[in-house]
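Have a look at the structure below, then the notes.
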Amino acid sequence: METPWSWIRADETAKVALLRAFSERPVVVLPPPLHHIPFRAGNVVELVGSSPSAKTHILNQAAINCILPKDWKGVQYGGLERAVMFVDLDCRFDVLSLSKALELRILAVKGSCCDMKRHELDRELFMTCMRRFLYIRCYNSLEFLATLKTMHYRLQKEKETQAGGVYMLMLDSIGAFYWMDRALPSSSSTSSRKNLSLQSMTETVVQEIQRLMLVHPILVLATKSALSSDKQSKTEVSRDLGKWPAEHATKLSGPQSLSHREYMPSAWKCLVTHRVLLRATEDNGDPKSRPTFSTEWLLPALALSDKFMINNDGSLVML
């Protein structure tokens with residue numbers, strides 16, 4: 001007969017519990033320009049920027065880091081070897097650009113480590129990585145909600161078929177249906193049904209994402225189109241610049257400074273744990289020059305500003 005205190009008997013030691021927690025929710029350093037802060041499952045990272053500002057390109061690079069293996073046939077790729085769930089809300093995602101970037105990454109790592117020709121692509125590795133990239137396209141908020149409500153079973157299935165399961169949930173772009181939902185009627189003719197509105201839609205989406213994060217250790221990366229304007233009054237600019245160090249305020253007071261205007265409902269705003277503003281910097285008038293982009297950390301507010309550019313092969317180069 002068991003003692004009354006047998007129910008508090010530990011199933012595992014503290015060491016085993018910590019090892020399990022860190023393996024299920026590992027700390028991840030995303031590729032530049034998001035490399036300043038380590039992320040882990042449960043974080044919601046929002047990339048804000050007008051088009052084009054390389055938001056989807058950064059998602060592609062993060063996805064490649066996730067689906068690549070740690071090592072393959074003696075070659076160290078440094079990936080997480082986990083799956084990615086990509087929800088395309090903008091309906092403009094180009095899977096060919098992702099596959100091309102993955103090919104170039106594999107060839108670059110394999111060539112530098114094994115001194116092999118760049119055209120020798122490991123097709124088995126490529127197909128294994130692409131099978132970890134799960135793609136869903138939604139055309140309106142109702143389809144998006146239906147996807148989130150059924151995603152638990154999809155994530156559970158992937159966890160059983162693939163080691164580790166899905167680690168990153170990518171939403172591109174979270175504000176795609178903003179104007180469609182804003183045009184919804186404020187009341188419903190059927191009293192038993194919940195009113196359809198921008199606020200109720202967003203709250204339901206946030207609730208479903210929170211439920212997923214409670215059960216599944218996932219990191220959420222979301223892009224959002226920016227409603228930025230340079231028509232700020234001098235009083236507003238002076239008030240904003242007073243919060244920053246002098247050298248950073250000088251940068252923000254230049255012609256490239258834009259104010260980030262939040263338009264998503266408060267439910268989504270409270271869900272976001274990290275926010276980065278992306279901008280396309282002004283060109284120098286040379287049509288042959290490559291566009292450059294800059295970053296600004298809004299949440300947490302960091303006095304960091306990186307500049308980068310995208311090469312023809314899709315690689316990101318920090319400046």
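Heads up: numbering here begins at 1 and tracks the sequence. Values reported hereafter were calculated over all heavy atoms of this structure, with side chains retained and with hydrogens, waters and symmetry mates removed. This one's a predicted model, so the numbers in the text were calculated from it and none came from an experiment.
With hydrophobic clusters built from ILVMFWY side chains whose heavy atoms lie under 4.5 angstrom apart, Y153 does not share a cluster with L148. Both V84 and M127 are members of a single hydrophobic cluster when ILVMFWY side chains are connected at heavy-atom separations under 4.5 Å. Under a hydrophobic-cluster definition in which Ile, Leu, Val, Met, Phe, Trp and Tyr are linked whenever side-chain heavy atoms come within less than 4.5 Å, directly or via other members, M170 and V95 are assigned to the same cluster. Residues Y139 and M85 are members of separate hydrophobic clusters, defined by side-chain heavy-atom contacts under 4.5 angstrom among Ile, Leu, Val, Met, Phe, Trp and Tyr. Tracing side-chain contacts under 4.5 Å through hydrophobic residues (I, L, V, M, F, W, Y), one never reaches L96 starting from L98; they form parts of separate clusters.
Take P291 and apply the side chain to side chain contact (heavy atoms under 4.5 Å, CB included) test, not counting sequence neighbours, and it matches F293.
None of L221, V276, D172 except one satisfies the side-chain contact (heavy atoms from CB on, under 4.5 Å) rule with L47; the exception is V276.
Judged purely by atom type and a 3.5 angstrom limit, S50 has no side-chain atom pairing as donor or acceptor with the backbone of A226. In terms of modelled atom types and a separation under 3.5 Å, the side chain of N43 and the main chain of R40 share a donor-acceptor contact. Under the 3.5 Å distance criterion, the side-chain polar atoms of S197 are matched with a main-chain donor or acceptor of S200. Using a distance-only test at 3.5 Å, with no hydrogens or angles considered, a donor-acceptor pair links the side chain of K55 to the main chain of G49. Between the side chain of E262 and the backbone N or O of M264, at least one donor-acceptor pair lies under 3.5 Å. Side-chain N or O atoms of Q156 include none that pairs as donor or acceptor with a backbone N or O of H152 at under 3.5 Å. Judged by distance alone, the side chain of T295 and the main-chain N or O of D306 form a donor-acceptor pair under 3.5 Å.
Looking at every heavy atom in both residues, K70 comes nearest to G79 through CG-O, 3.1 Å. Pairing each heavy atom of I106 with each of F126, the nearest pair is CD1-CA, 4.0 Å. For the residue pair Q199 and P265, the shortest heavy atom distance occurs at OE1-CB, 3.4 Å. Taking both residues in full, the closest heavy atoms of G42 and M213 are given as O-SD, 3.9 Å, listed atom of the first, atom of the second, then distance.
Taking CZ of R154 as the reference point, atom CG of L212 lies at 13.0 Å (rounded to 0.5 Å). Rounded to the nearest 0.5 Å, atoms CD (Q76) and CG (L68) are 12.0 Å apart. From Y263, atom OH reaches atom CH2 of W268 across 10.5 Å, with rounding to the nearest 0.5 Å. Within the model, atoms CG of L142 and OG1 of T147 stand 10.5 Å from one another, a figure rounded to the nearest 0.5 Å. Taken to the nearest 0.5 Å, the CD1 atom of I209 stands 12.0 Å off from the CZ atom of R211. Annotation: the span from F144 atom CZ to L171 atom CG amounts to 4.5 Å, rounded to 0.5 Å.
Under 3.5 Å, the side chains of E203 and Q207 contain no donor-acceptor pair of N or O atoms. In this structure, a donor-acceptor pair under 3.5 Å is absent between the side chains of E124 and W72. Remark: the T292 side chain and the T281 side chain contain an N/O donor-acceptor pair separated by less than 3.5 Å. D90 and S173 share no donor-acceptor pair across their side chains, judged by distance under 3.5 Å alone.
Contact annotation: the side chain of F39 never approaches that of V29 to less than 4.5 Å [non-hydrogen atoms, C-beta and beyond]. Looking at I218 and Y167, their side chains never come closer than 4.5 Å, going by heavy atoms from C-beta outward. The shortest distance between side-chain heavy atoms of L316 and I310 falls below 4.5 Å. Side-chain contact check for L145 versus V205: some heavy-atom pair is nearer than 4.5 Å. Under the 4.5 Å side-chain criterion, counting only non-hydrogen atoms from C-beta, H216 is not in contact with E158. Residues P31 and I64 are not in side-chain contact: their nearest non-hydrogen atoms beyond the backbone lie 4.5 Å or more apart. Between P69 and L125, the closest side-chain pair of non-hydrogen atoms falls below 4.5 Å. At least one side-chain heavy atom of N140 sits less than 4.5 Å from a side-chain heavy atom of M180.
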Test side chain to side chain contact (heavy atoms under 4.5 Å, CB included) applied to T273 and L299, step by step: CA-CA 7 Å; T273 60; L299 184 66; 5.7 Å; no
Derivation and outcome, side chain to side chain contact (heavy atoms under 4.5 Å, CB included), residues L30 and N65: CA-CA 8 Å; L30 296 178; N65 279 22; over 6 Å; no
Please evaluate residues K269 and R275 with respect to the criterion side chain to side chain contact (heavy atoms under 4.5 Å, CB included), reporting the C-alpha separation (whole Å), side-chain torsions for both, the decisive distance (0.1 Å), and the verdict. CA-CA 10 Å; K269 182 179 179 181; R275 179 178 292 111; 4.2 Å; yes
Assess whether side chain to side chain contact (heavy atoms under 4.5 Å, CB included) is satisfied between M318 and K307, documenting all intermediate values. CA-CA 6 Å; M318 300 298 293; K307 288 187 177 182; over 6 Å; no
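Remark: E46 engages K224 in a salt bridge, criterion side-chain N to carboxylate O under 4.0 Å. Under the 4.0 Å criterion applied to side-chain N and carboxylate O atoms, K157 and E160 are not assigned as salt-bridge partners.
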Show every donor-acceptor pair shorter than 3.5 Å between a side-chain atom in residues 129-138 and any protein atom, with sequence neighbours excluded, or say none if there are none.
residue: R132; atom: NH1; partner: I67; partner atom: O; Å: 2.6
residue: Y135; atom: OH; partner: D88; partner atom: OD2; Å: 2.6
residue: Y135; atom: OH; partner: R137; partner atom: NE; Å: 3.0
residue: Y135; atom: OH; partner: R137; partner atom: NH2; Å: 3.1

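As a member of the Ile/Leu/Val/Met/Phe/Trp/Tyr network built from side-chain separations under 4.5 Å, M309 groups with V317, L319.
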